[in-house]
Structure formats: C-alpha cells, structure tokens
Amino acid sequence: MTNAASLITRKTDFQRALLGWYRANARALPWRETPSLYKTVVSEFMLQQTQVKTVLPYFARWLAEFPNFTSLAAAPEARVLKQWEGLGYYARARNLHRLAKALAARPKAPRTAAEWRELPGVGPYTAAAIVSIAFGEAAACVDGNVVRILARLTADGSKFRDSASAARELSPLAEALLARDAPGDHNQAMMELGATVCTKGSPSCTACPVRVFCSTGPRGHAKKFPRFVPKTIGRRAVVRVWCEYEGKLLLHRAAPGARRLAELHELPTAEQAGLEAKTVARGRLLLRRTRAITRWRITESIYAWPNKIPARSPELVWVSPAKLEKVSLSGPHRRWVREIPGR
C-alpha cells in the first residue's frame, strides 16, 4: 500500500486532528471575523502570491474604501488601482474589479466552483476556496501550502515542473482527504498549517497536529519535499532615468491596453525616454536595486539626467510633487521616488 493510500484509509482521524488543531489555534484574521462572501473573495485575490502580513493593511484600507461588490463595481479603475498600489500583480486588482461588475449584473452569486471559474481572475484554487468557505461546498483547495503538506505527508518523490503541475497531480489526494461536512474549515486548516507549522524553510514538525500521519516529519526529512525541477534564473539589467524640470518629475505611464502595468506610472527606462542606455549610464548613479520577478533577477539602475526630455510620447508625463502621491505608481517605484530626493 502506498503512503497516499494508507493516509486515505485514516482520513477520518486525520480530519479530526487537523480540524481540532485549527479551531483551537487559528489566527484572528479580519476576513474570518464576521465572514462574508465579499470578504472571502477580496482576501483570496489579495493572498494570491502574497503573504498574509503584507495583505493585512491593504485589506483594511480596501474594505473602508470599497465595503461591498456594489461600491467596487461602481468605482473607476484608477481609484481601484490606487488602493491596490504596492501589492503588485496588478492584474488581480483589474480582475477583482471586473468580477465585481459581473456579480453586480447577476441576480445572485454563483455557488459552484465551476461557475466561479468562469469569472475574471478565478482559477481552480480560488474557486474552491470561495465556495467552500462562503457556501460550504465540498471542493478542496490546493495551493503551494497544500502541495507542501501533501508531498511531505506521503513522501511523494515526484519531481514537479512547477507549483501548478504539482497542484494538478495532488488534487485527487486533496479531494480524498477533504472533510466534506466542514470543507471551509478543512481548507483553511490546511492553509493555516502550511503557513504556520509546515513551512517551507523550517517546518515545526514536533508541533505538527498531524505528525503521526506524516511519512517525512518524524524522520527529519520534511525539508526535502516537495521536489521541483530546478528553474533557470535569467538576469536582466535595466537603465532608468531620473529627470526633473521646473519642479516636475518625468514618469512613464503604461498604455491602457498594456499586459502587465496598464495605466500605472514608473520611472522611464532610457529607451522610453528616447535616450541610449549607455549615454544615460554615464551620468550620476542615484540608486541601484535588484529584485526578482518570476524567473528573472532584474538589476535596475537609476541615473540623474540633467536636461529636459521632450515628452514625445503620450506615455511620458510630467508630474508635480503635489500630484505624485495621487498617481498610481508600481510598488518599487513608489519606494524609489520617495528615497531618491534625499540623495
């Protein structure tokens, strides 16, 4: 009998241990207090690829600005993006906005995972989370936390291509283990376990409530699972321009139809400013930062440019200090714009 099959035969005891631990130890999170469909949806969108501690202040501000689907649907996109500023992955904000509009046009919200997957920005995991937590529908969530737990519980030695393929392969096991009489609590318990106990770098195996069901923790092998095919990390260098003229700062505003940063502002690259990178790089270096985006490690260097740059493109805009806090800047650029003047 495989480790997975053995675990399934003991699923009732596994569910009891997991749920008992969760109900006694669950973190007090704002979307769990007086829960609602709206809070569940907003939190699930914000938590995609983002840690809870980062989301908390954004969630509070969002609820104050947009307390329900109706107010969100009625808001202009610029206001929505401004409230999301700094969370990154801005397609989530646009999809959440589109979803609110779609729900506002319906007589009632859908109740099945299949129906939710038809809405903007809702994949299998998000759909399962929404319907299980908000409606008690029996659908198992499989995110990175759940993948890690299941791979460790069963000592699954598969080498997964990425998190998405791992989630697909482990979904049948997640469904088999789901407590169908309490799917919302079960899914949240699995996510809580992965976030607080069965963590990626330093799992607390001795404190794990389901340790007796685990094939790796008691042996000290948990950190070896799950296994992924090594990723190739690419490197890129970007030269950006800091140009001030008559008290205004030059920014680049992405076109409305841009794939990633539509209508968001950033410091322009040399090419966007109509300059050659090697020429800009002869100037005074103000800031250099390296950050990771998906499989890329990007080094961004920002140089002072002493001359006025003609705004040849409608995407180049001069912004006064008074308006700088009002425009939507991507998170890193907001930090840089605040940091550089002191230099």
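Note that these values count all heavy atoms, side chains included, but never hydrogens, waters or copies made by symmetry.
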> Which heavy-atom pair separates Asn307 from Cys243 by the least distance, and what is that distance?
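Scanning both residues completely, I find the closest heavy atoms to be O-SG, 3.2 Å.
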
> Do Thr126 and Gln48 get their side chains close enough for a donor-acceptor pair, meaning under 3.5 Å?
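Side-chain D/A pair, Thr126 to Gln48: present.
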
> Partners of Asp13 by side-chain contact (heavy atoms from CB on, under 4.5 Å), sequence neighbours excluded?
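So Asp13 forms a side-chain contact (heavy atoms from CB on, under 4.5 Å) with Arg16, Phe213.
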
> Take the angle between the ring planes of Phe59 and Trp31 and call it parallel below 30°, perpendicular above 60°, tilted in between.
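Correct class here is perpendicular.
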
> Which atom pair, heavy atoms only, marks the closest approach of Leu285 to Ser301?
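Closest approach of Leu285 to Ser301, heavy atoms only: CD1-CB, 3.9 Å.
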
> Check Ala138 against Glu175 and note the closest heavy-atom contact, atom names and distance.
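Shortest heavy-atom separation between Ala138 and Glu175 comes out as O-OE1, 4.4 Å.
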
> CZ of Arg219: more than 12 outside heavy atoms within 6.0 angstrom?
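No.
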
> Can you check salt bridge (charged side-chain N to carboxylate O under 4.0 Å, His left out) on Arg289 and Glu339, steps first, answer last?
CA-CA 12 Å; Arg289 294 289 182 266; Glu339 184 177 354; 2.7 Å; yes

> Does the side chain of Phe225 reach to within under 4.5 Å of the side chain of Leu153, using non-hydrogen atoms?
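Of all side-chain heavy-atom pairs linking Leu153 with Phe225, none is under 4.5 Å.
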
> Please check if any side-chain donor atom of Thr154 sits under 3.5 Å from a side-chain acceptor atom of Asp156, or the reverse.
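Judged by distance alone, the side chains do not pair up.
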
> Same cluster for Tyr22 and Leu178 if Ile/Leu/Val/Met/Phe/Trp/Tyr side chains link at under 4.5 Å?
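No, Tyr22 and Leu178 fall in different hydrophobic clusters.
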
> Do Glu192 and Asn25 touch side chain to side chain, with heavy atoms closer than 4.5 Å?
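A side-chain contact is absent here, since even the closest heavy-atom pair is not under 4.5 Å.
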
> Would you say the side-chain atoms of Glu244 and Trp242 include a donor-acceptor pair closer than 3.5 Å?
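There is such a pair between these side chains.
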
> Is it true that, when you exclude Glu33 itself, more than 12 heavy atoms of the residues, nucleotides or ligands shown sit nearer than 6.0 Å to its CD?
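More than 12 within 6.0 Å, yes.
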
> Can you tell me how far the CG atom of Leu251 sits from the NZ atom of Lys323, to the nearest 0.5 Å?
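Answer for the CG-NZ pair, Leu251 versus Lys323, is 12.5 Å.
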
> Between Ser132 and Ala128 (side chain of the first, backbone of the second, donor and acceptor by atom type, cut-off under 3.5 Å), is there such a pair?
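Between the backbone of Ala128 and the side chain of Ser132 there is a qualifying donor-acceptor contact (under 3.5 Å).
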
> For Lys248, look at atom NZ and say whether over 12 heavy atoms of other residues, nucleotides or ligands are found less than 6.0 Å away.
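Incorrect, the count does not exceed 12.
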
> Do any N or O atoms from the side chain of Arg32 and from the backbone of Arg27 form a donor-acceptor pair under 3.5 angstrom?
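Judged by distance alone, yes, a pair lies under 3.5 Å.
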
> Are side-chain N/O atoms of Ser202 and Lys223 paired as donor and acceptor at under 3.5 Å?
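Note: Ser202 and Lys223 side chains miss the donor-acceptor criterion.
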
> How close do Phe45 and Val122 get, heavy atom to heavy atom, and via which atoms?
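Of all heavy-atom pairs spanning Phe45 and Val122, the closest is CZ-CG2, 4.0 Å.
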
> Mind checking the CE-CG spacing from Met190 to Leu19? Nearest 0.5 Å is all I need.
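Going from CE on Met190 over to CG on Leu19, the span is 10.5 Å.
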
> Could you measure the distance from the CG atom of Leu81 to the OH atom of Tyr90? Nearest 0.5 Å is fine.
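It comes to 8.0 Å.
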
> Locate the shortest heavy-atom distance separating Gly194 from Arg148; write the atom from each residue and the value.
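Minimum heavy-atom contact is O-NH2, 2.9 Å.
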
> Can you find a heavy atom in the side chain of Phe66 that is under 4.5 Å from one in the side chain of Gln83?
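Sidechains of Gln83 and Phe66: in contact.
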
> Determine which pairs satisfy side chain to side chain donor-acceptor pair (under 3.5 Å) with at least one residue from residues 53-73, sequence neighbours left out, and list them in order.
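For residues 53-73, and leaving out neighbouring residues, the side chain to side chain donor-acceptor pair (under 3.5 Å) pairs sorted by first residue read Tyr38-Trp62, Glu65-Arg79, Asn68-Ser71.
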
> What heavy-atom pair brings Val241 and Ile302 nearest, and what distance separates the two atoms?
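Minimum heavy-atom contact is C-CG2, 4.5 Å.
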
> Salt bridge (charged side-chain N to carboxylate O under 4.0 Å, His left out) with Asp162: which residues, sequence neighbours excluded?
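Asp162 satisfies salt bridge (charged side-chain N to carboxylate O under 4.0 Å, His left out) with no other residue.
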
> Side-chain donor-acceptor pair under 3.5 Å between Glu266 and His252, yes or no?
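No donor-acceptor contact under 3.5 Å links the two side chains.
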
> With a 4.5 Å heavy-atom cut-off, do Thr299 and Val238 have their side chains touching?
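Heavy-atom side-chain distance check fails, nothing below 4.5 Å.
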
> Using only heavy-atom distances, determine whether the side chains of Thr12 and Gln15 contain a donor-acceptor pair under 3.5 Å.
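No, Gln15 and Thr12 have no side-chain donor paired with an acceptor closer than 3.5 Å.
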
> Is the shortest heavy-atom distance from the side chain of Pro183 to the side chain of Glu137 under 4.5 Å?
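The answer is no; the side chains never approach within 4.5 Å.
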
> Can you tell me if Thr269 and Arg240 form a side-chain donor-acceptor pair at under 3.5 Å?
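Thr269 vs Arg240: no donor-acceptor pair found between side chains.
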
> Could you check whether Glu325 pairs with Arg334 (Lys NZ or Arg NE/NH1/NH2 to Asp/Glu carboxylate O, under 4.0 Å)?
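Looking at Arg334 together with Glu325, the answer is yes, because their closest N to O distance falls below 4.0 Å.
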
> For residues Glu44 and Ile133, determine if any side-chain heavy atom of one lies less than 4.5 Å from a side-chain heavy atom of the other.
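Sidechains of Ile133 and Glu44: in contact.
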
> Verify, without hydrogens or angle tests, whether His265 (side chain) and His333 (backbone) share a donor-acceptor contact under 3.5 angstrom.
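Not at all, since once roles are kept as given, no pair shorter than 3.5 Å links the two residues.
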
> Would a 4.5 Å heavy-atom cut-off, applied to side chains only, mark Asn145 and Cys198 as touching?
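With C-beta onward as the side chain, the pair stays apart.
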
> Are the side chains of Val317 and Val319 in contact, using a 4.5 Å heavy-atom criterion?
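Yes, at least one pair of side-chain atoms sits under 4.5 Å.
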
